[in-house]
Visitor: 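This structure is in structure tokens; I'll ask about it shortly.
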Amino acid sequence: MPALVLLGAQWGDEGKGKATDLLGGSVDYVVRYQGGNNAGHTVVVGDQKYALHLLPSGILSPTCVPVIGNGVVVDPSVLLSELSGLNERGVDTSKLLISGNAHIITPYNVTVDKVTERFLGKRKIGTTGRGIGPTYADKINRVGIRVQDLYDESILTQKVEAALDVKNQVLTKLYNRRAIAVDQVVEELLGYAEQIKPYVADTVLVLNQALEENKVVLFEGGQGTLLDIDHGTYPFVTSSNPTAGGACTGAGVGPTKISRVIGILKAYTTRVGAGPFPTELFDEDGEALRRIGGERGVTTGRDRRCGWFDAVIARYATRVNGLTDFFLTKLDVLTGWEQIPVCVAYEIDGKRVEELPYSQTDFHHAKPVYETLPGWSEDITKAKSFADLPKNAQNYVKALEEMSGAPISAIGVGPGRDETIEINSFL
Ligand code: GDP
Ligand code: IMO
Ligand code: MG
């Protein structure tokens, strides 16, 4: 049962794109199962850099079939521009499959995302403004538009009407905005239909048949564990389930099929948008992590908030995802620090706490308890094996592994495909 899930163990941007691309050449299918173009996955191949938002990172591997599962929300204009951008760079995208059950991010969902954030003022979530939350809300409210609806004009019109009936009331009466015309939305969506049609498929059937034939399927998560709507730092989360269970619902594959769950874990911590972040740094160390790590959002261009590694979060990710392995990324960014603090527990209202508190109030009060590990100054970007790493870098990795509760099976020492130390094979 060669089905693997690869997901973010922190607040996103751990390096999922690179890790997926690395495995892409050895797997038959790469499947996005949740989220949408709020993701920004960077893949560096030789001197070429790609930023993928909606498409699975496996699209860059010629032998791999990229799949957009039913749990993803699809903005058709973004889909088509991402495809044409890749085609212009010589990437063959013809194998792409898109679930007919995936929901469409409509123009009014994007509008609602933006006006809601503005309305919230200083209480805003800091969303990516891509319409993700409102589209999932429509899905749950049963007024969503699905990819398959693009192929029945009458159904599409009825569904857009139903959705806009309520939304236009809210837009005009609460937010003081202009109403959105049903015809205009229907016309725009129908304009995408024919271009998308060749990719639309029964992806649940395709993936289950592939697994029966012992094909290798990799599920690529967007966002990360702490941004999960159920298990993350609610309400400062995204509106889907990046955690491992999301791969089952978001692709239509049973949990018995999944053999391995790989958590992508940055050697320090970052976060974009609002919400609690116990190890966040506001000093020159935070500035240095941002500068050296290139911590700027791929989707929105916002500076990422930076802090030291948080082992409480890593342990939590191991638990809620049933992680079998970690892929530790960006170890090279820590080169040059004499001492590296690592958060091993929290202090909450005077008490030491070893595990992530379920209470939002407690988490907001959590202060990091640090242990300091000795750093290294040698360049590690050329290291090919664990033994090539300086002793203190080895010890840092071993300490993180012990605290986090799952083996570290690969280490990233640079953004390129080959800048990776493989310890245990994933396949
Ligand atoms: P994702 O959203 O999880 O795919 O991650 P992003 O692409 O948003 O951010 C990760 C950034 O780190 C990208 O710029 C990657 O090219 C880069 N990256 C990934 N792995 C490594 C690594 O091991 N070392 C360094 N220096 N950069 C890395
Ligand atoms: P990748 O896949 C980091 C954050 C946003 C905001 C919150 C909700 O590249 O790791 P949304 O637009 O999803 O409703 O915003 O989630 N967020 C991400 N942060 N990496 C991402 O994706 C993110 N996708 C959403 O900043 O705080
Ligand atoms: Mg990203």
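Just so you know, ligand 1 is whichever comes first in the structure, and atom 1 is the first atom listed for that ligand.
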Visitor: Salt bridge (Lys or Arg N to Asp or Glu O under 4.0 Å), that's the test. Do Lys266 and Glu295 meet it? Break it down for me.
Guide: CA-CA 12 Å; Lys266 211 179 271 194; Glu295 298 297 352; 3.0 Å; yes
Visitor: Count the heavy atoms belonging to other residues, nucleotides or ligands that lie under 6.0 Å from CG of Asn176, then report whether that count exceeds 12.
Guide: no
Visitor: Measure from NZ or CZ of Arg89 to the centre of the six-membered ring of Tyr50, then state whether that distance is under 6.0 Å and the direction lies within 45° of the axis.
Guide: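 Judged by the rule (NZ or CZ under 6.0 Å from the ring centre, within 45° of its axis), Arg89 counts as positioned above Tyr50.
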Visitor: Can we say Arg304 and Glu280 salt-bridge, meaning some charged N sits less than 4.0 Å from an Asp/Glu carboxylate O?
Guide: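 No, this pair does not count.
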Visitor: Is Asp388 salt-bridged to Lys382, going by a charged N under 4.0 Å from an acidic O?
Guide: no
Visitor: Please say whether more than 12 non-hydrogen atoms of neighbouring residues, nucleotides or ligands are located less than 6.0 Å from CD in Gln339.
Guide: yes
Visitor: Should the pair Phe277 and Trp11 be assigned to parallel (<30°), tilted (30 to 60°) or perpendicular (>60°) ring geometry?
Guide: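 Correct class here is tilted.
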Visitor: For ligand 1 and Gly17, I'd like to know whether there is a polar contact (N/O to N/O, distance under 3.5 Å).
Guide: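 Yes.
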Visitor: To check your reading of the model: name the closest protein heavy atom to atom 22 (C) of ligand 1, its residue, and the distance in Å.
Guide: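 The closest heavy atom on the protein side is Gly414 O, 3.2 Å.
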Visitor: So is Gly40 in contact with ligand 1, going by heavy-atom distances below 4.0 Å?
Guide: yes
Visitor: Less than 3.5 Å between some nitrogen or oxygen of Leu331 and one of ligand 1, yes or no?
Guide: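 There is no such contact.
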Visitor: Side chain, backbone, both or neither: which part of Asp13 has a heavy atom under 4.0 Å from ligand 1?
Guide: both
Visitor: Where on Ile264 is there a heavy atom closer than 4.0 Å to ligand 1, on the side chain, on the backbone, on both, or on neither?
Guide: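 For Ile264, no heavy atom sits under 4.0 Å from ligand 1.
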Visitor: Checking contacts here: is it the side chain or the backbone of Thr42 that comes within 4.0 Å of ligand 1, counting heavy atoms only? Could be both or neither.
Guide: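 It is both parts that get close, each with some atom under 4.0 Å.
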Visitor: Let me know which protein residues bring a heavy atom to under 4.0 Å of ligand 2; chain then number is fine for ordering.
Guide: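 Residues near ligand 2: Trp11, Gly12, Asp13, Lys16, Asn38, Ala39, Gly40, His41, Ile125, Gly126, Thr127, Thr128, Gly222, Gln223, Leu227, Val237, Thr238, Val272, Gly273, Arg302.
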Visitor: With distance as the sole test, does Thr238 use its side chain to make a donor-acceptor pair with the main-chain N or O of Ser240 at under 3.5 Å?
Guide: no
Visitor: So is Arg304 in contact with ligand 1, going by heavy-atom distances below 4.0 Å?
Guide: yes
Visitor: If we count only N and O atoms by modelled type, under 3.5 Å, do the side chains of Asn38 and Arg130 hold a donor and an acceptor together?
Guide: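 No - no donor-acceptor pair under 3.5 Å links their side chains.
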Visitor: Give the intermediate values and the outcome of side chain to side chain donor-acceptor pair (under 3.5 Å) for residues Ser99 and Asn101.
Guide: CA-CA 5 Å; Ser99 166; Asn101 286 346; 4.9 Å; no
Visitor: Hey, is Gly8 one of the residues with a heavy atom under 4.0 angstrom from ligand 1?
Guide: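 False for this residue.
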Visitor: Identify which of Lys16, Gln10, Glu220 has a heavy atom lying nearest to atom 1 (P) of ligand 1.
Guide: Lys16
Visitor: Please indicate whether any nitrogen or oxygen in Glu419 is less than 3.5 Å from any nitrogen or oxygen in ligand 1.
Guide: no
Visitor: Tell me, which protein N/O/S atoms are under 2.8 Å away from the Mg ion (ligand 3)?
Guide: Asp13 OD1, Gly40 O
Visitor: Using a 6.0 Å cut-off, check whether atom NZ of Lys114 has over 12 heavy atoms from anything other than its own residue.
Guide: no
Visitor: Do Phe326 and Pro407 come within less than 4.5 Å of each other through their side chains, counting heavy atoms only?
Guide: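 Contact flag for Phe326/Pro407 side chains = no.
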Visitor: How far is atom 24 (N) of ligand 1 from its nearest protein heavy atom, and which residue and atom name does that atom have?
Guide: Asp332 OD1, 2.8 Å
Visitor: In this structure, are over 12 heavy atoms from other groups packed under 6.0 Å from Lys49 atom NZ?
Guide: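 Result for NZ/Lys49: open.
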Visitor: Sort out for me which residue in Ile380, Leu389, Thr329, Thr420 forms a side-chain contact (heavy atoms from CB on, under 4.5 Å) with Ile411.
Guide: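 Among Ile380, Leu389, Thr329, Thr420, the one meeting side-chain contact (heavy atoms from CB on, under 4.5 Å) with Ile411 is Leu389.
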Visitor: Tell me, which protein residue and heavy-atom name are nearest atom 19 (C) of ligand 1, and how many Å apart are they?
Guide: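 Of the protein heavy atoms, Lys18 CD, 3.9 Å lies nearest.
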Visitor: Should the pair Glu355-Arg319 be classified as a salt bridge under the 4.0 Å nitrogen-to-oxygen rule?
Guide: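 Here Glu355 pairs with Arg319 in a salt bridge, since their nearest N and O are under 4.0 Å apart.
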Visitor: Pull out every atom of ligand 1 sitting under 4.0 Å from any heavy atom of Val298, numbered as shown with elements.
Guide: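 Ligand 1 atoms under the 4.0 Å threshold to Val298: 8 (O).
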Visitor: If you measure every N or O of Val333 against every N or O of ligand 1, does any of those distances drop under 3.5 Å?
Guide: no
Visitor: What's the shortest heavy-atom distance between Lys215 and Pro2, and which atoms?
Guide: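 Heavy atoms only, the tightest pair is O-CG, 3.3 Å.
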Visitor: If you count the non-hydrogen atoms of other residues, nucleotides and ligands that lie under 6.0 Å from CD in Gln184, is the total more than 12?
Guide: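 No, CD of Gln184 has 12 or fewer neighbouring heavy atoms, counting only those of other groups under 6.0 Å.
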Visitor: Taking everything shown except Lys384 itself, do over 12 heavy atoms lie less than 6.0 Å from its NZ?
Guide: yes
Visitor: Which option, Gly221, Gly297, Pro415, Ala51, owns the non-hydrogen atom nearest atom 18 (N) of ligand 1?
Guide: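 Looking at heavy atoms only, Pro415 sits closest to atom 18 (N) of ligand 1.
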Visitor: Looking at ligand 1, does any of its N/O atoms fall within less than 3.5 Å of an N/O of Lys330?
Guide: yes
Visitor: What atoms in ligand 1 come closer than 4.0 Å to a heavy atom of His41?
Guide: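 Those qualifying, in numeric order: 1 (P), 2 (O), 4 (O), 7 (O).
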Visitor: Is Glu287 salt-bridged to Arg290, cutoff N-O under 4.0 Å?
Guide: yes
Visitor: Under 3.5 Å between some N or O of ligand 1 and some N or O of Gly412?
Guide: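 By distance alone, the answer is yes.
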